[in-house]
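In this text the structure is predicted, and so the values were computed from the model without any measurement. Whatever order the structure lists them in is the order used to number ligands and atoms, beginning at 1.
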Amino acid sequence: MTLRILVLHGPNLNLLGTREPDVYGRLDLAAVDALAAERARALGAELSARQSNHEGELIDALHAAGAGGADAVVLNAAGFTHTSVALRDAVGAVQIPVVEVHLSNTAAREEFRHRSLIAPVAVGTIAGFGPLSYVLGVEAAIAAVQSR
Ligand code: DQA
């Protein structure tokens, strides 16, 4: 059976490419998704991607993924990483692996970015590799499903 990976992008990531390019790079979201999809395909998985600026929509998307919509999730919760108990609870509630990714190395940035509410409930975190974080996230998500 083909594994289905959902890549879920949080707030402001729709602006990728023009948003603080020195921090987040010059590729837009579609280009990042294409890189991740290419890796998924090469590993025999299929990828769908979704972005929302709304906490509730991200929570609904996680619930839908956990209810049979996907086998694993690659999640960049963006700013909600550092603030959202509700999103963290959604990650903790679903029974499928969720890999946390960030484009930037959050540990090397402002203090408020050092704490992730998602990290303790994710299978692991990949940060600091730009778009490659998503590619590595897809690999990790597939490995996490296969090792279950
Ligand atoms: C981010 C890091 C977060 O701190 C920030 O709020 C983002 C993007 C990243 O991918 O590096 O929006 O998740």
Query raised in the report: Tell me, do Arg50 and Val7 make a side-chain contact under 4.5 Å, heavy atoms counted?
Result: no

Query raised in the report: In terms of the angle between their ring planes, are His82 and His102 parallel, tilted or perpendicular, with boundaries placed at 30° and 60°?
Result: parallel

Query raised in the report: With the threshold set at 4.0 Å, does a side-chain nitrogen-carboxylate oxygen contact exist between Glu46 and Arg41?
Result: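 Salt bridge: no.
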
Query - Residue Arg115 excluded, over 12 heavy atoms near CZ under 6.0 Å - result: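 Not buried by this count: 12 neighbours or fewer within 6.0 Å.
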
Table of N or O contacts for ligand 1, cutoff 3.5 Å:
{"unit_1": "ligand 1", "atom_1": "4 (O)", "unit_2": "His82", "atom_2": "NE2", "d": "2.7"}
{"unit_1": "ligand 1", "atom_1": "4 (O)", "unit_2": "Arg113", "atom_2": "NH1", "d": "2.9"}
{"unit_1": "ligand 1", "atom_1": "6 (O)", "unit_2": "Gly79", "atom_2": "N", "d": "3.2"}
{"unit_1": "ligand 1", "atom_1": "6 (O)", "unit_2": "Arg113", "atom_2": "NH1", "d": "3.1"}
{"unit_1": "ligand 1", "atom_1": "10 (O)", "unit_2": "Asn76", "atom_2": "ND2", "d": "2.8"}
{"unit_1": "ligand 1", "atom_1": "10 (O)", "unit_2": "Leu103", "atom_2": "N", "d": "2.8"}
{"unit_1": "ligand 1", "atom_1": "11 (O)", "unit_2": "Leu103", "atom_2": "N", "d": "3.3"}
{"unit_1": "ligand 1", "atom_1": "11 (O)", "unit_2": "Ser104", "atom_2": "N", "d": "2.8"}
{"unit_1": "ligand 1", "atom_1": "11 (O)", "unit_2": "Ser104", "atom_2": "OG", "d": "2.6"}
{"unit_1": "ligand 1", "atom_1": "12 (O)", "unit_2": "Arg19", "atom_2": "NH1", "d": "3.1"}
{"unit_1": "ligand 1", "atom_1": "12 (O)", "unit_2": "Arg19", "atom_2": "NH2", "d": "2.9"}
{"unit_1": "ligand 1", "atom_1": "13 (O)", "unit_2": "Asn76", "atom_2": "OD1", "d": "2.8"}
{"unit_1": "ligand 1", "atom_1": "13 (O)", "unit_2": "His102", "atom_2": "ND1", "d": "2.8"}

Query raised in the report: Is the number of heavy atoms from other residues, nucleotides or ligands within 6.0 Å of CD (Glu110) greater than 12?
Result: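 Count over threshold, so yes.
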
Query raised in the report: Taking only residues two or more places apart in sequence, or in another chain, which ones meet Arg88 in a salt bridge (charged side-chain N to carboxylate O under 4.0 Å, His left out)?
Result: none

